[in-house]
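All values below were derived from every heavy atom in this structure, side-chain atoms included, with hydrogens, water molecules and symmetry-related copies excluded.
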Amino acid sequence: MDKGNRTTMEFIFISFSNVPELQFFLFTLFLCIYNISMAAHMFLIVLYNLSSSLHTPMYFFLANFSFLEICYISTISPNMLKNLLSNHKTITFSGCAVQMYCFLLLASTECYLLAAMAYDRYNAICQPLLYNVIMSRNACVKLIMCSWLIGLMVAIIQTFLTFSLPFCGPNKINHFYCDIPPVMALACSDTKFNEIVTFIIILLLVVGAFLLTIVSYTRIIWTIIKYHSTAGIKKAFSTCTSHLIVVTAFYGSGCVMYLRPKSTYGTDIDKFTSLMYTIIAPLINPFIYSLRNSDVKYAVRKMMHNIKIGQP
């Protein structure tokens with residue numbers, strides 16, 4: 001396909017068209033999830049900025065994580081919601097490329113931001129005397145910047161490789177957003193090289209970040225066990241288990257989606273697998289990582305008290 005045709009080409013999302021009777025129900029469900037997710041993450045960012053007690057490395061990471069999640073879900077959900085109520089489920093070639101780039105940037109960044117957050121907890125629990133030195137403001141900023149730089153590189157490489165392929169046949173994307181596997185499946189040339197590059201990048205990105213996260217939490221649990229504190233062990237296992245469930249669901253669904261042959265793409269299972277890390281994870285993350293914490297609960301009570309005092 002020449003460049004002129006590319007600029008006028010449109011892709012059509014199949015999305016959830018195979019269940020037309022559920023379109024309005026899915027729209028309502030995903031709209032509620034989107035609104036709750038946005039409200040929770042925005043609330044945490046505001047709370048962090050207004051509460052001096054939360055100005056610690058842990059909540060600095062969580063505030064940045066919430067900002068990333070807001071961008072992340074806004075890359076996918078609005079267009080998906082529009083398509084659920086529309087008969088014209090299309091996106092331009094350039095629009096699809098932009099959506100894929102933004103999604104890959106944010107998803108890749110999240111992988112290593114989760115690892116950085118686990119590393120922060122490891123230092124707080126396993127090296128408390130050196131924590132303020134290791135996790136200085138400068139170190140935290142560098143970790144966040146490195147996460148974004150890794151995401152930027154992954155997004156540029158993968159988006160360029162995917163949209164450099166010729167598209168001259170079918171234009172129906174069997175998905176609800178522009179992801180690598182369903183878009184690459186429409187290419188009318190051999191995609192072996194792209195598949196190998198994608199496999200290597202995802203393997204290094206997802207598995208690498210997941211291993212870093214697992215190692216951090218394993219060291220945390222081992223350190224708590226050595227304290228021989230029953231209450232400490234119970235609290236550590238409760239916290240680490242909930243975090244690991246979220247992390248495993250995020251990384252695991254990503255591996256299932258990308259680390260397999262092209263011939264297996266395009267099933268309805270793929271869509272529900274993608275929902276895990278594009279819709280469900282951003283909804284539960286603020287409740288797992290922040291809203292369960294005693295520090296956050298205290299900051300909320302203090303903020304509500306200050307608001308009540310300030311009322312005439």
Side-chain angles (χ1 to χ4, degrees), residues 1-31 33-34 71-108 151-152 154-195 197-198 201-202 254 257-258 261-275 277-279:
M1 177 184 296
D2 58 43
K3 292 183 178 179
N5 289 337
R6 282 175 181 266
T7 58
T8 58
M9 179 183 180
E10 286 188 336
F11 290 111
I12 301 172
F13 289 114
I14 294 179
S15 190
F16 302 100
S17 299
N18 56 330
V19 282
E21 67 280 3
L22 295 178
Q23 297 291 293
F24 184 75
F25 169 76
L26 291 175
F27 170 82
T28 305
L29 175 63
F30 292 147
L31 179 62
I33 292 175
Y34 176 65
C71 298
Y72 183 60
I73 57 179
S74 296
T75 299
I76 306 296
S77 294
N79 190 63
M80 179 185 68
L81 291 170
K82 176 185 75 69
N83 288 335
L84 283 170
L85 294 183
S86 173
N87 293 323
H88 192 64
K89 308 177 191 294
T90 62
I91 188 170
T92 63
F93 184 88
S94 58
C96 188
V98 170
Q99 186 184 55
M100 180 182 291
Y101 171 79
C102 292
F103 167 73
L104 292 173
L105 168 64
L106 297 165
S108 302
L152 182 66
V154 171
I156 290 173
I157 294 170
Q158 288 294 129
T159 305
F160 174 78
L161 287 175
T162 301
F163 287 90
S164 293
L165 293 168
F167 295 93
C168 49
N171 67 335
K172 292 185 178 180
I173 299 175
N174 191 15
H175 211 24
F176 56 88
Y177 69 98
C178 291
D179 200 4
I180 297 172
V183 173
M184 196 162 60
L186 301 179
C188 52
S189 67
D190 184 48
T191 59
K192 286 291 183 185
F193 175 75
N194 294 63
E195 291 178 56
V197 172
T198 300
I201 289 177
I202 298 300
M257 190 66 189
Y258 296 104
K262 174 185 172 182
S263 58
T264 61
Y265 295 151
T267 64
D268 288 337
I269 295 177
D270 291 341
K271 298 173 189 176
F272 290 103
T273 301
S274 296
L275 286 172
Y277 56 84
T278 58
I279 305 297

Any residue meeting disulfide bond (SG atoms under 2.5 Å apart) with Cys188, in chain and number order, not counting sequence neighbours: Cys168
For Met100, the option from Thr159, Asp179, Leu105 that meets side chain to side chain contact (heavy atoms under 4.5 Å, CB included): Thr159
Where Cys178 and Gln99 come nearest, the two heavy atoms and their spacing: N-OE1, 2.8 Å
Aromatic ring pairing Phe167/Phe93, orientation class (parallel under 30°, perpendicular over 60°, tilted between): perpendicular
Minimum-distance pair of heavy atoms, taken over all atoms of Phe27 and Leu81: CD1-O, 3.5 Å
Asn174 side-chain N/O to Ile14 backbone N/O, donor-acceptor pair under 3.5 Å: no
Lys82 NZ: over 12 foreign heavy atoms closer than 6.0 Å: yes
Distance in Å, Ile180 CD1 paired with Phe163 CZ, rounded so as to fall on 0.5 Å steps: 9.5 Å
Main-chain N/O of Phe13 paired to Lys89 side chain as donor or acceptor, under 3.5 Å: no
From Thr278 atom OG1 to Phe103 atom CZ, the distance as rounded to the nearest 0.5 Å: 7.0 Å
Atom of Asn83, atom of Thr90 and distance for their closest heavy-atom approach: OD1-N, 4.4 Å
Check: Thr198 side chain, Asn194 main-chain N or O, donor-acceptor pair, under 3.5 Å: yes
Distance, nearest 0.5 Å, that separates CG of Leu104 from OG1 of Thr162: 7.5 Å
Residues Leu152, Tyr101; criterion side chain to side chain contact (heavy atoms under 4.5 Å, CB included); working and verdict: CA-CA 9 Å; Leu152 182 66; Tyr101 171 79; 2.9 Å; yes
Nearest-0.5 Å distance, CG of residue Leu161 to OG1 of residue Thr191: 11.5 Å
Show which side-chain atoms of residues 71-80 pair as donor or acceptor with protein atoms under 3.5 Å away, not counting sequence neighbours.
residue: Tyr72; atom: OH; partner: Tyr277; partner atom: O; Å: 2.6
residue: Ser74; atom: OG; partner: Tyr34; partner atom: OH; Å: 3.3
residue: Ser74; atom: OG; partner: Ile70; partner atom: O; Å: 2.8
residue: Thr75; atom: OG1; partner: Cys71; partner atom: O; Å: 2.9
residue: Ser77; atom: OG; partner: Ile73; partner atom: O; Å: 3.2

Interatomic distance, Ile279 atom CD1 to Phe176 atom CZ [nearest 0.5 angstrom]: 5.5 Å
Pairwise distance CG(Leu22) to CG(Leu84) - rounded to 0.5 angstrom: 10.5 Å
Minimal non-hydrogen separation, Ser108 against Gly151, with atom names: CB-CA, 3.6 Å
